[in-house]
Amino acid sequence: MNNAFAELLSVWTAGPMLSIALTLAAFLAANWLFARFRRPLWMPPVLIAALLLAAVVALSGIGFEEYEQGARWLTVLLGPATVALGVPLYQQMHHIRALWKPILVTLPLAATLAAVYALGIAWLMGASPLVLSSLAPKSVTAPIAMGIAEQLGGSVSLTLGGLLITGVLASVFVDWCARWLNIKDDRIIGFALGLNGHAIGTARAFEISPTAGAFSSLGMGLTGVFTALFLPFTFPF
Amino acid sequence: MVLLRGFLVLVVFFLLGEALRVLAGLPVSGGVLGMVMATFTLMLRGQVSDELAEASRGLISVLVLLITPGVVGVFFIVDQFYGHWTTVIVALIAGTLLSVLTTLWLMKKVSESSAGENSHE
């Protein structure tokens, strides 16, 4: 019985289909659970899906390496999906034109501070250079952040962990702070979500409205480009 | 067929982005460069085709699905950074709160003052 199961598992994991099925199932289950629990901000679908998948992958004996290899068939689509963000960006261009000044003023400062605040605190707490360089691109969208972390000599896995935590926190904090500062403009909320919370923030912004989503894509894209160009030249550790 | 045509456009822009990244030696990902190129192309054309709009809406709606496998990996490195997590989490919580506040506050201030200027014109 055990042998048959092991054989089945090795057949299933030979191709990518098992990983794809598990990921799709976790995604759908996470969306269902998320709606069921009245959309808790601190527990976005991506976190629910990842927890479910991590449990299944660890308990079933598939192993993360096997899973990841199969799931690559899905993750390669991140490239064209990033390109796809250009379409809402174009469709919302009239909003962006209207707000070009605050965007231009805020972006360099806020994108720099997004890295500097966390790095400063970590440095004061005595973090090692490895941890610092892994956290530096914490507000940048995953494919760019991985590149930056490698360039600075950080750990890509730790960077992804930092990205996850940052994305979830940014979604929660933008909600709190916008209410506190009495900001109701979807454009500002969206921009702050994308700038601080990269793709997780952008997924959240598209839940608010298409305008918030477009501004979030803009914030994410600009922060990514700005940080990728700026950070490797100024990182002191 | 309609969706495939839109998808082809997205993939081609991704490949162009990768080409620009490699040929110009830029430290920015091909996806982001492709996004910038696609946006500029659409601005020059002044319109977006239904098939491209449809394909991009489809992909954006599953963005979370595409990020998930990378996020799963985080749970398998928890041990590897044992002892660093307190620092990491404190820095991320405080740092993100501060930077979110800064962003919102700056955007609000600057957009209020530029809106004020416009109304004086």
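Scope of the values below: all heavy atoms of this structure, side chains included, with no hydrogens, waters or symmetry mates. Within every chain, numbering begins at 1; the chains are lettered A, B, ... in the order of the sequence lines, protein sequences first and strands thereafter.
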Could you tell me if the side chain of B:Leu42 sits less than 4.5 Å from the side chain of A:Gln91, heavy atoms only? no
Answer yes or no: is there a side-chain heavy-atom contact under 4.5 Å between B:Leu97 and A:Tyr117? no
Pick one of side chain, backbone, both or neither for A:Trp180, based on which atoms fall under 4.5 Å of a heavy atom in chain B. side chain
Rounded to the nearest 0.5 Å, how far apart are CZ of A:Phe206 and CZ of B:Arg57? 10.5 Å
Under a 4.5 Å heavy-atom cut-off, does chain A meet the side chain of B:Thr41, its backbone, both or neither? neither
So for A:Leu135, is it side chain, backbone, both, or neither that comes closer than 4.5 Å to the heavy atoms of chain B? side chain
Considering residues, nucleotides and ligands other than B:Trp85, do more than 12 of their heavy atoms fall under 6.0 Å from its CH2? yes
Spatial distance of atom CH2 (A:Trp123) from atom OG1 (B:Thr87) [nearest 0.5 Å]: 14.0 Å
Heavy-atom distances under 4.5 Å only: say whether A:Val46 touches chain B with side chain, backbone, both or neither. both
Chain A heavy atoms under 4.5 Å from B:Ala53: which part of the residue, side chain, backbone, both or neither? both
If we only count heavy atoms from C-beta on, is the B:Thr103 to A:Thr106 side-chain gap below 4.5 Å? yes
Would you mind checking which part of A:Leu195 comes under 4.5 Å of any heavy atom in chain B, side chain (CB onward), backbone (N, CA, C, O), both or neither? side chain
If we only count heavy atoms from C-beta on, is the A:Asp185 to B:Ser111 side-chain gap below 4.5 Å? no
Which one wins on heavy-atom pair count under 4.5 Å against chain B: A:Leu160, A:Leu74, A:Ile183? A:Ile183
To the nearest 0.5 Å, how far apart are CZ in A:Phe64 and CZ in B:Phe75? 11.0 Å
Atom group of A:Leu130 that falls short of 4.5 Å from chain B, counting heavy atoms: side chain
If we define contacts as heavy-atom pairs under 4.5 Å, which of B:Phe14, B:Phe7, B:Phe13 has the most with chain A? B:Phe14
Given A:Ala170, A:Gly224, A:Ala203, A:Ala111, the one with more heavy-atom pairs under 4.5 angstrom with chain B than any other is A:Ala170
Relative to chain B, which segment of A:Val105 carries a heavy atom at a distance below 4.5 Å: side chain, backbone, both, or neither? side chain
Using non-hydrogen atoms only, which part of A:Leu107 is less than 4.5 Å away from chain B: side chain, backbone, both, or neither? neither
Minimum heavy-atom separation for A:Ile121 to B:Ala91, with atom names? CG2-CA, 3.8 Å
Highest number of heavy-atom pairs under 4.5 Å with chain A: which of B:Val11, B:Val62, B:Leu101? B:Leu101
B:Leu104, B:Leu106, B:Thr68: which one forms the most heavy-atom pairs within less than 4.5 Å of chain A? B:Leu104
Checking A:Pro88 against chain B: side chain, backbone, both or neither under 4.5 Å from a heavy atom? side chain
A:Leu22 portion near chain B, given a 4.5 angstrom heavy-atom threshold: neither
With a 4.5 Å cut-off on heavy-atom pairs, point out which of A:Leu24, A:Leu85, A:Leu113 contacts chain B the most. A:Leu85
Heaviest contributor of heavy-atom pairs below 4.5 Å to chain B, chosen from A:Ala122, A:Pro44, A:Ser19, A:Ala71, is A:Ala122
Where B:Gly31 and A:Val83 come nearest, the two heavy atoms and their spacing: O-CG2, 3.7 Å
For each of B:Val71, B:Leu33, B:Thr86, B:Leu52, tally heavy-atom pairs with chain A at distances under 4.5 Å, and name the one with the top tally. B:Val71
Give, as side chain, backbone, both or neither, the part of A:Ser217 having an atom under 4.5 angstrom from any heavy atom of chain B. backbone
Identify the heavy atoms of A:Ala81 and B:Leu63 that sit nearest to each other, and give their distance. CB-CD1, 3.8 Å
Can you tell which part of A:Leu169 gets under 4.5 Å to a heavy atom of chain B, answering side chain, backbone, both or neither? both
May I ask you to test the B:Phe76-A:Val57 pair for a side-chain heavy-atom distance under 4.5 Å? yes
So which of B:Leu66, B:Val74, B:Leu59 has the largest heavy-atom pair count under 4.5 angstrom toward chain A? B:Leu66
Does any part of the side chain of B:Pro69, heavy atoms only, come nearer than 4.5 Å to the side chain of A:Glu68, both counted from C-beta? no
Smallest separation among heavy atoms of A:Gly86 and B:Thr39, with atom names: CA-OG1, 3.4 Å
Could you point out which residue of A:Asn196, A:Thr166, A:Thr112 forms a side chain to side chain donor-acceptor pair (under 3.5 Å) with B:Ser99? A:Asn196
Taking every heavy-atom pair that is under 4.5 Å apart, which of B:Ala94, B:Ala38, B:Gly73 has the most such pairs with chain A? B:Gly73
Provide the closest heavy-atom pair for B:Lys108 versus A:Leu181 in the form atom of the first, atom of the second, distance. NZ-O, 2.8 Å
Looking only at non-hydrogen atoms, find the nearest pair between B:Ile77 and A:Leu158 and report the distance. CD1-N, 3.6 Å
Side-chain contact, heavy-atom cut-off 4.5 Å: B:Met107 with A:Ile103? yes
Can you tell which part of B:Thr96 gets under 4.5 Å to a heavy atom of chain A, answering side chain, backbone, both or neither? both
Which atoms of A:Leu164 are under 4.5 Å from chain B, going by heavy atoms: the side chain, the backbone, both sets, or neither? side chain
